[in-house]
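Since the structure comes first, as structure tokens, the remarks are kept for the end.
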Amino acid sequence: MTDLERLRHSCAHVLATAILKIWPEAQFAAGPPVENGFYYDVELPHRISPEDFPRIEEEMKREVKANHVFERVEVSRDGAIALAERGELAALGPRGETSKFKLDIVRNIPDGEVITLYRNGEFTDLCAGPHVLRTGNIGAFKLTHVASAYYKGDENNPQLQRIYGTAFKNKTEMQAYFDMLEEAKKRDHRKLGRELELFCFDDDVGPGLPLWLPRGTVLIEELEKLAKETEFAAGYDRVRTPHLARESMYLLSGHLPYYAESMFPPMSLVAEKAEAQRPVHRADLFANLLDKPLTSASLDEILCKAAEMRESEGLATERYYLKAMNCPHHHKLFGAVQRSYRDLPLRLAEYGTCYRYEQSGELFGLMRVRSMQMNDAHIYCTEEQFEEEFRAVNEMYLKYFSIFGIDRYQMRFSTHDPAKLGQKFVNQPELWLKTEDMVRGVLQRSGIHYVEVPNEAAFYGPKIDVQVWSAIGREFTIATNQVDFAVPQKFGLVYKDRDNTEKTPLCIHRAPLGTHERFIGFLIEHYAGNFPLWLAPDQVRIITIGAEEALGNYAKEILAELRRKGVRVELDLSSDPMKAKIAAAEKIKVHTMLVIGNRDLESGAVSLRVHGKGNLGARPKAEAIEEILAAIQERRS
RNA sequence: GCCGACAUAGCUCAGUGGUAGAGCAACGGUUUUGUAAACCGUCGGUCCUCGGUUCGAAUCCGAGUGUCGGCUCCA
């Protein structure tokens with residue numbers, strides 16, 4: 001535990017002390033330090049709201065001022081249980097009620113472990129420590145928010161109130177933290193997305209279904225261009241597949257019924273000619289049955305009637321699902337053509353659109369959505385080819401990260417848990433060990449730093465997830481690279497090997513750029529909206545000083561030349577003062593401004609201004625254009 | 001999905017039971033400029049939706065929807 005964590009954990013005890021002074025009946029569960037502070041979970045009939053914070057903080061201040069010693073006491077298990085039963089743990093003294101959560105925690109402490117209590121003033125808590133010496137060592141603290149959490153994170157357990165706070169050695173450091181938070185807020189992709197007109201959401205379209213405005217679409221298309229170039233060079237073939245598929249495919253793939261919950265509910269079609277007619281006919285049919293115009297019927301009435309109708313006529317239904325992943329479609333493409341070992345490795349790539357019914361409370365801007373476009377590809381290869389393919393995929397990741405200047409990331413290698421074979425993981429123990437060894441080997445030989453996490457693999461094989469941190473401090477999986485040794489077999493995918501036998505290929509699922517939604521959400525925060533020239537929705541804006549015809553013509557010449565060369569360029573010929581035009585361009589983070597006045601017109605120059613860098617001075621027109629084209633071409637950061 | 005908070009003009013926000021407000025943006029005009037905002041005017045509202053309380057609701061109550069903070073989940 002770091003010094004800061006120790007201090008924050010101690011502050012959690014002070015928080016509990018204060019809460020008990022106000023609400024003596026409070027029952028406490030766990031109160032650990034977390035990334036930016038600490039929390040304590042409490043069960044209390046009173047709903048604590050931020051309005052209660054000043055009062056609680058007042059009590060906390062008193063406790064800090066009293067400068068109580070944090071006293072460590074070792075107790076026997078029976079001793080701790082007796083104290084919990086008398087309600088003396090996480091308490092100011094004996095109480096009528098058992099310290100029920102603490103009792104549960106004591107009972108779950110493994111045999112042989114030393115059980116310790118910590119006391120500060122009147123407050124005693126079951127706690128492994130360590131703590132600061134005295135409450136007075138807590139220099140600065142503040143309660144930040146309140147949320148709810150299930151006891152032990154299990155949704156079958158009672159919901160507790162989780163009071164979050166933060167603490168620092170002194171006020172200066174705490175202020176710096178809050179200032180940093182303010183800065184982070186300005187980078188929030190949801191805020192910038194609106195300000196820069198990149199994307200939006202609409203209630204009539206639906207929650208978690210982003211709409212891309214023209215500027216955001218530029219980002220998408222630039223990323224796709226990058227991916228297509230990179231994948232073409234790496235020997236990928238592009239494919240395209242529909243957004244939905246019949247139920248039977250997801251039964252085959254094994255996604256149903258296990259993943260049905262995270263898929264949109266199916267569309268049911270009646271497999272009967274009369275029913276498959278154009279919607280208008282269906283509408284008339286329903287209207288007749290309903291005895292009123294369709295428009296005045298509620299959706300429930302219509303659905304109910306439709307179901308009744310199907311039932312009464314005994315019509316068979318078939319169901320279609322929106323795809324939640326592209327792999328089954330790609331597997332079908334592998335199987336569509338006879339494959340020889342000479343065709344392998346076969347790399348099928350698609351920016352496929354997927355739909356996942358994420359729980360409503362999980363939606364978060366672009367980072368967690370219900371419709372997404374994935375930088376997907378499936379590589380079908382032999383076991384011998386696996387290492388080389390897997391290594392090449394990892395290198396592609398690193399190439400992308402260097403283009404975007406992403407240096408804070410972590411590769412997470414997720415493996416299976418042998419205890420869950422046949423449940424969470426396909427029951428092929430030897431293939432698990434073999435593929436995990438292969439992946440581990442590639443990572444080690446490539447010198448890639450990674451952490452290994454058991455029990456987090458996909459159901460069909462081990463995987464590597466790349467974690468990044470957004471400006472808001474949330475952790476996200478931005479990219480994924482997975483081994484699949486199970487599903488190709490289910491699909492009966494085979495290739496004819498050299499020895500004239502049929503073999504099942506291994507499959508690598510990979511998405512180095514993740515989904516457009518999450519990746520762009522991340523990039524917005526990463527760049528704080530200040531995209532490099534090649535990505536910037538507004539690459540160049542020509543700003544005239546004055547509006548004489550000759551100057552306007554000169555500006556139009558430059559505009560036309562840049563347009564011809566594929567640059568996203570606009571011309572601001574309005575009568576606003578030059579300073580106002582610059583301000584308007586800066587506000588939407590136009591990357592490069594070409595400011596031209598009569599002086600420039602006379603000398604055939606432009607004056608260059610770059611967002612965030614200010615005025616770079618005048619230079620010959622041709623030179624400025626050359627410079628702009630080169631920066632775009634090289635995807636300079 | 002669960003707990004809680006929030007929802008007022010395109011954006012940021014004020015308005016706590018009695019005529020719906022500001023700044024910015026947009027639009028119209030005047031102004032003709034040397035590196036982040038020239039002046040004047042105009043437009044703009046289902047105060048999220050539905051229901052209730054009340055002589056009267058943006059304001060109080062209930063339900064729904066959405067967003068946010070967490071939890072759970074995350075192929």
The answer to which of R370(A) and E548(A) contacts RNA chain B further toward the 5' end, by nearest nucleotide, is R370(A)
With sequence neighbours excluded, what pairs up with H416(A) under the ring-ring contact (aromatic ring centres under 6.0 Å, His included) test?
W432(A)
Donor-acceptor pair present, [X] side chain and [N] base, under 3.5 Å:
{"X": "R368(A)", "N": "C73(B)", "value": "yes"}
{"X": "S262(A)", "N": "A75(B)", "value": "yes"}
{"X": "N615(A)", "N": "G34(B)", "value": "no"}
{"X": "S575(A)", "N": "U32(B)", "value": "no"}

R619(A)/E627(A) ion pair, N-O < 4.0 Å
no
Check this for me: does any side-chain nitrogen of one of D104(A) and K152(A) sit under 4.0 Å from a carboxylate oxygen of the other?
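Yes, charged N to carboxylate O under 4.0 Å.
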Once you round it to whole Å, what is the distance between [atom2] of [N] and [atom1] of [X]?
{"X": "R190(A)", "N": "C68(B)", "atom1": "CZ", "atom2": "P", "result": "5 Å"}
{"X": "I478(A)", "N": "C74(B)", "atom1": "CD1", "atom2": "P", "result": "19 Å"}
{"X": "Y151(A)", "N": "G70(B)", "atom1": "OH", "atom2": "P", "result": "23 Å"}
{"X": "E456(A)", "N": "A75(B)", "atom1": "CD", "atom2": "P", "result": "8 Å"}

Using a cut-off of 4.0 Å on non-hydrogen atoms, how would the nucleic acid contact of [X] be classed: base, sugar-phosphate, or nothing?
{"X": "A585(A)", "answer": "nothing"}
{"X": "L363(A)", "answer": "sugar-phosphate"}
{"X": "Q482(A)", "answer": "sugar-phosphate"}
{"X": "A580(A)", "answer": "sugar-phosphate"}

Taking the six-membered ring where the residue is Trp, are the ring centres of Y151(A) and F101(A) under 6.0 Å apart?
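Centroid separation for Y151(A) and F101(A): below 6.0 Å.
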Do K420(A) and N455(A) have side chains that approach each other closer than 4.5 Å (heavy atoms only, starting at C-beta)?
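K420(A) reaches N455(A) side chain to side chain.
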K490(A), NZ atom: more than 12 neighbouring heavy atoms under 6.0 Å:
yes
Nucleotide by nucleotide, 5' to 3', does protein get under 4.0 Å of the base (B), only the sugar-phosphate (S), or neither (-) in nucleotides 2-11 of chain B, counting heavy atoms?
BBS------S
So if I take every side-chain heavy atom of R609(A) and compare against G69(B), A36(B), C71(B), which nucleotide ends up nearest?
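Per side-chain heavy atoms of R609(A), the pick is A36(B).
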